[in-house]
Amino acid sequence: MGKGRVIVMKRLMITGLLVASVVVWGAAMAAGQTEPQTERHLLINEIEINPPGVDSDREWVELLNPTDQAIDLLGWRISYSYRSEGYLEIAETSTIIPSGGRYVFVYPGLRLRNGEPHVFRLLDPEGNIVEETAPFFDERDDDKTWQRFPDGGDDPYFHDLWFMRDHTRNKSNS
Ligand SMILES: [Ca+2]
Ligand SMILES: [Ca+2]
């Protein structure tokens with residue numbers, strides 16, 4: 001491995017650690033300032049921005065329904081970041097996530113930029129932003145993903161804590 005490459009990799013690792021620290025710090029700040037979470041809603045639970053190899057048709061988000069009601073994904077939208085920013089319909093027809101269930105939405109084509117932070121947003125059928133993540137990026141061309149921990153943010157105080165870990169696609173993050 002050349003010296004230049006080592007330096008680049010070190011820079012990437014330091015950048016990754018900094019982002020992880022900021023995310024954890026942000027979650028801790030939010031936890032200190034807000035009441036315990038009581039109202040539950042459809043969640044972005046895991047994000048694959050930069051899968052190994054070709055990214056096209058292989059970027060995804062895992063959605064989780066932590067409520068006690070089934071949710072129809074028809075009309076819900078998720079943000080994208082490449083080549084411009086905007087929103088995509090998650091489902092073209094009625095698609096039910098049962099209570100406690102999850103659904104993996106695979107982005108069509110190439111939709112997520114790897115190296116620049118993007119705040120992921122989830123919109124309900126009325127156009128309300130029900131969720132907004134920390135700014136995430138992923139320069140590692142591998143199976144690691146951003147994951148909410150514990151699964152579903154299922155902690156009354158730390159419900160917005162994220163880590164970069166080996167993927168748990170369509171499975172619990174915990
Ligand atoms: Ca990508
Ligand atoms: Ca998962």
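First listed ligand is number 1; within each ligand, the first listed atom is number 1.
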Rounded distance (nearest 0.5 Å) linking atom [atom1] of [X] with atom [atom2] of [Y]:
X	Y	atom1	atom2	answer
Ile44	Glu62	CD1	CD	11.5 Å
Asn65	Arg40	CG	CZ	10.0 Å
Leu112	Ser79	CG	OG	8.0 Å

Correct closest heavy-atom pair for Pro51 and Val54 would be CG-O, 4.2 Å
Do any of the N, O or S atoms of [X] sit under 3.0 Å from the Ca ion (ligand 1)?
X	value
Ile49	yes
Arg113	no
Tyr82	no
Asp55	yes

Do the rings of Phe163 and Phe149 sit parallel, tilted or perpendicular, given the 30° and 60° boundaries? perpendicular
Would you mind telling me which of Phe136, Trp60, Trp162 makes a ring pair (Phe, Tyr, Trp, His ring centres under 6.0 Å) with Trp146? Phe136
OE2 (Glu59) to the Ca ion (ligand 1) to OD1 (Asn114): angle, nearest 10 degrees?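 Nearest ten degrees: 170°.
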For Thr67 and Gln69, test the side chains for any donor-to-acceptor distance below 3.5 angstrom and give the result as yes or no. no
side-chain contact (heavy atoms from CB on, under 4.5 Å), paired with Ile90, selected from Leu123, Leu122, Leu42, Val61: Leu122
Quick one: how many protein N/O/S atoms are under 3.0 Å away from the Ca ion (ligand 2)?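 Protein heteroatoms (N, O, S) closer than 3.0 Å to the Ca ion (ligand 2) number 7.
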